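Side chains included, hydrogens not; waters and symmetry mates left out as well; all remaining heavy atoms used. Because the structure is predicted, anything quoted here is derived from the model rather than measured.
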Amino acid sequence: MFWGSSTHEGVGTFTETGGKINSQKSMNILETNLWPTIVRHFPNEDYLFQDYNAPVNSSKATKLWKTENEIKCLTWTSQSLYNNIIGNV
C-alpha cells in the first residue's frame with residue numbers, strides 16, 4: 001500500500017506504507033510525509049488537507065492528532081471514491 005499527496009503547486013510526498021494501516025500508523029505517515037509537503041509547497045500561504053475519510057483517517061486518535069497539529073482539513077463526504085482525486089485521474 002502507498003500514501004501520496006498532490007497539490008496545485010506540484011506533487012508532494014509518495015511513500016510505501018508497509019501493509020495494513022491503523023490509526024497510529026496513519027498518524028506516523030502524516031507526521032513524516034504531510035509536513036514536508038506543506039512546508040515545501042505552502043511556506044507562506046494557506047492550505048487545506050483532504051483525505052477520503054477512511055476509518056483510520058476519521059478515528060478519534062487521528063482527528064485529535066490533526067487538531068493538536070493544527071492541520072486545516074477540508075470537510076469531506078464519508079469514504080466517497082467519486083470525490084477522490086486519485087480515483088478520477
Chi angles and distances behind the side chain to side chain contact (heavy atoms under 4.5 Å, CB included) call for N33, F14: CA-CA 8 Å; N33 297 284; F14 186 76; over 6 Å; no
Parallel, tilted or perpendicular, as decided by the 30° and 60° cut-offs, for the rings of Y47 and W35: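 Perpendicular.
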For V11 against H41, the heavy-atom pair lying closest together: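 Closest approach of V11 to H41: O-NE2, 3.1 Å.
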Where K63 and N57 come nearest, the two heavy atoms and their spacing: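 For K63 versus N57, the nearest heavy atoms are CG-O, 4.5 Å.
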Check whether [X] reaches the backbone of [Y] with its side chain - one donor and one acceptor, N or O, closer than 3.5 Å.
X: T32; Y: N28; value: yes
X: K66; Y: F49; value: no
X: N22; Y: Q24; value: yes

Side chain to side chain, V56 and K25, heavy atoms closer than 4.5 Å: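 They are not in side-chain contact.
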Steps toward side chain to side chain contact (heavy atoms under 4.5 Å, CB included) verdict (I71, W65): CA-CA 8 Å; I71 304 296; W65 183 91; 3.8 Å; yes
Single-linkage hydrophobic cluster I29~M1, side-chain heavy atoms < 4.5 angstrom: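 In one cluster with I29: M1, yes.
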Under 3.5 Å side-chain donor-acceptor pair for T13 and S5: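 On atom types as modelled, these side chains do not qualify, holding no pair under 3.5 Å.
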With rounding to the nearest 0.5 Å, note down the distance linking [atom1] in [X] to [atom2] in [Y].
X: T67; Y: K60; atom1: OG1; atom2: NZ; value: 13.5 Å
X: K72; Y: F42; atom1: NZ; atom2: CZ; value: 10.5 Å
X: L64; Y: M27; atom1: CG; atom2: CE; value: 8.5 Å

Greater than 12 external heavy atoms within 6.0 Å of K20's NZ: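 No, not enclosed.
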S59/T62 under side-chain hydrogen bond (donor to acceptor under 3.5 Å, both in side chains): CA gap, chis, key distance, verdict: CA-CA 5 Å; S59 72; T62 304; 2.9 Å; yes
